[in-house]
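See below for the structure under consideration.
Proteins come first, then strands; the chains are lettered A, B, ... in the order of their sequence lines, and each starts at number 1. These figures come from a predicted structure and were not determined experimentally.
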2 protein chains.
Amino acid sequence: MDKHSPISITLAQRDEAVTITRWVYDTLHNAVLLGQIPPGRALTIRELASLLIVSPMPVREALRQLSAEGALEIQGNRRVMVPKMTAMKFNELVEARIAIESHAAVRALPYINATIYQQLQAIDEQIDEAEANSDPENVTRLNQAFHRTIYTAHPHQVTQPLIESLWLQLGPFMRLSAESLDEYYQIDRHHEALTAIEKQDPLALQMAIAADIRDGCAFAKIPSKLQKLLN
Amino acid sequence: MDKHSPISITLAQRDEAVTITRWVYDTLHNAVLLGQIPPGRALTIRELASLLIVSPMPVREALRQLSAEGALEIQGNRRVMVPKMTAMKFNELVEARIAIESHAAVRALPYINATIYQQLQAIDEQIDEAEANSDPENVTRLNQAFHRTIYTAHPHQVTQPLIESLWLQLGPFMRLSAESLDEYYQIDRHHEALTAIEKQDPLALQMAIAADIRDGCAFAKIPSKLQKLLN
DNA sequence: TGAGTAAAAATGTGATCACAATTTTGTGAT
DNA sequence: ATCACAAAATTGTGATCACATTTTTACTCA
């Protein structure tokens, strides 16, 4: 059935009252974020359909949506795959994250009230816990939740979809970051961010967010890690 | 057939050797950018299919892609429409444009060689021409081409899809800007940008891009125009 | 005349089929 | 063994159909 390596995808929880297309989308979205689909591996509609035990139709729709979001790439051959990474592209993605997310954080700052602040503290504690348990998958997931909670505090926010797109494009390669977690000492940037929020200090928040993103992607500066990134 | 106002869509040029889905996408993409589809107007697959004289299938695919790009919005009812605008959202979109596009411009600056510089000059001249002819549609189109040429000079650029998404979201409402062109004196920000490029001055380019975007959206500060924006 | 409700029409989702184009496989010659 | 090339299998695209849900229309009652 498969000329290339077999892929093993974690099935998303199937919520009734939700369309099949949505479920397929969630499942593939997650698979891309977790790096379960090797970059460059050709994805066919029928293969995914039989893998997820659904008809080809919902897969078609999900693939098109994920492609529009930058999670997948449609080649000239009309073949769909997870885009391959290059060192230059990785760097641009990180710089784009810094530019957009620090902007989003500053914009959202005035809307971060006590309730949201407590949510952030709770997430931060969970991150410490996950780090103590060496649970890189949850560290990544909670880290995204931390950032998302900040940005979406703004009621008229428009950048979150763009940010999610960048996360999707970096996602497949962030597992390398998660694996390096304990190898290098990490300053607690989240704590810096929380302090900046407390003081309602835009510049400090901006710096904390930028530093947090840079720290999280610092592994790409390590030659051995960088090499794995590009394969 | 239509409970709401009838919509008149400019059909994109039909290039053979291109999928029907792609043609439908281009057509609707253009229609959204030109504000030919009233915000809030419910779009049904079958109506568009008969309007474009294609089967429902390519329309389905195009609608999903456009929704993923933020050009359209899928409501809870599963109804698709051009998102309605609010003053706050408009402001956020403009600020997001400034943040991302000035970042993209600075990143691309080192890659803008003589050839690209001449392309920019040529586009700028065309803009002057279109302005002299009071051709707001072409002014808008060429203005986008000017910006796109700068950003895509970077060979490993990753922000263009995000920027295009913002343009799509603002598009339906930019015709108000084009209509106000001759009403208010406009400083030639493109000339400032070209000078900054010539000097390879990142900060000056950033300022020029930011000012150009702000100028182009200044109409929203005029109460009467703002009112039309929200209807 | 206006509001509530039941019947009727329209809609999105999903399945299945046909077909042209692409990819893969199989075969033979060098 | 290696390459060229034709046959076979696979793939994406697009069309059509069925069905549950939603929306609209029509009608009744206050």
Side-chain angles (χ1 to χ4, degrees), chain A residues 1-7 11-12 14-29 37-38 40-68 71-83, chain B residues 1-7 9 11-12 14-29 37-38 40-68 71-84:
Chain A
M1 173 183 290
D2 37 61
K3 191 80 283 183
H4 309 80
S5 54
I7 47 183
L11 272 54
R14 177 61 175 278
D15 182 3
E16 298 297 332
V18 118
T19 62
I20 299 180
T21 298
R22 178 58 195 270
W23 176 77
V24 172
Y25 171 82
D26 287 338
T27 299
L28 294 180
H29 184 279
I37 305 173
R41 166 74 149 82
L43 296 178
T44 67
I45 295 174
R46 285 171 173 88
E47 183 196 2
L48 290 173
S50 77
L51 198 66
L52 305 180
I53 320 176
V54 297
S55 91
M57 186 64 59
V59 176
R60 262 168 84 168
E61 303 256 311
L63 287 185
R64 182 164 295 270
Q65 181 169 351
L66 287 163
S67 301
L72 301 175
E73 196 178 68
I74 305 181
Q75 291 180 300
N77 334 324
R78 295 170 181 175
R79 269 287 163 72
V80 172
M81 61 178 207
V82 175
Chain B
M1 171 182 291
D2 38 61
K3 190 78 285 181
H4 308 81
S5 54
I7 48 181
I9 291 176
L11 272 55
R14 178 59 175 281
D15 182 4
E16 298 298 332
V18 117
T19 62
I20 299 180
T21 298
R22 176 58 194 269
W23 176 77
V24 173
Y25 170 83
D26 287 339
T27 299
L28 294 180
H29 183 279
I37 306 173
R41 166 74 150 79
L43 296 177
T44 67
I45 293 174
R46 285 171 171 88
E47 183 196 3
L48 290 173
S50 75
L51 198 66
L52 305 180
I53 320 176
V54 297
S55 91
M57 187 63 61
V59 176
R60 261 167 84 166
E61 302 257 311
L63 288 184
R64 182 165 294 271
Q65 182 170 351
L66 286 164
S67 301
L72 301 176
E73 198 177 68
I74 305 180
Q75 292 181 298
N77 334 325
R78 295 171 180 175
R79 269 287 162 72
V80 172
M81 61 177 207
V82 175
K84 290 183 180 173

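The salt bridge (Lys or Arg N to Asp or Glu O under 4.0 Å) test applied to B/R22 returns B/D26, not counting sequence neighbours.
The nearest whole Å value for the distance from the CZ atom in A/R22 to the P atom in C/dG14 is 12 Å. For the pair B/Y25 OH and D/dG12 C1', the interatomic distance rounds to 19 Å; values are reported in whole Å. Summarising the geometry, the separation between CD1 on B/I20 and P on C/dC19 is reported as 15 Å, rounded to the nearest angstrom. What separates CZ of B/R78 from P of C/dG12 is a distance of 10 Å, to the nearest Å. In this structure, B/L48 atom CG and C/dT11 atom C1' are separated by 13 Å, rounded to whole Å. Atom CD of A/E47 is separated from atom P of D/dT10 by 12 Å (rounded to the nearest Å). Counting to the nearest Å, the C1' atom of C/dT13 and the CD1 atom of B/I74 are 12 Å from each other. Straight-line distance from the CD atom of A/Q75 to the C1' atom of C/dT23: 13 Å, rounded to whole Å.
Contact of the B/R78 side chain with the A/T19 side chain is registered, since non-hydrogen atoms from C-beta on lie closer than 4.5 Å. Side-chain contact between B/M81 and B/R41 is absent, with no heavy-atom pair separated by less than 4.5 Å. Here the side chains of A/I20 and A/R14 are in contact, with some heavy-atom distance below 4.5 Å. Residues B/R60 and A/M57 meet the side-chain proximity criterion, which asks for heavy atoms closer than 4.5 Å.
Of the options B/V54, B/L48, B/L66, a side-chain contact (heavy atoms from CB on, under 4.5 Å) to B/V24 is made by B/V54 and by none of the others.
In a base pair of the Watson-Crick type (N1 to N3 plus N6-O4 or O6-N4) or a G-U wobble (N1-O2 and O6-N3), with each distance short of 3.5 Å, C/dT30 is matched with D/dA1.
Across residues 56-66 of chain B, B/M57, B/R60 each have a non-hydrogen atom less than 4.0 Å from an atom of DNA chain C (numbered order).
Sequence order on DNA chain C of the closest nucleotides to A/R46 and A/N77 puts A/R46 first from the 5' end.
Between A/T21 and C/dG14 there is a side-chain N or O to OP1 or OP2 distance below 4.0 Å. Remark: B/T19 is not in phosphate contact with D/dT13, judged by side-chain N or O atoms under 4.0 Å from OP1 or OP2.
Looking at the side chain of A/T44, the nearest of the listed nucleotides D/dT11, C/dG14, C/dG12 is D/dT11. Closest to the side chain of A/I45, out of C/dT23, D/dT13, C/dA15, is D/dT13.
Nearest heavy atom pair, residue B/K84 against residue B/G40, reads CE-CA, 3.8 Å.
Contact annotation for B/L43: backbone-only contact, meaning every heavy-atom pair under 4.0 Å involves sugar-phosphate atoms and none involves a base.
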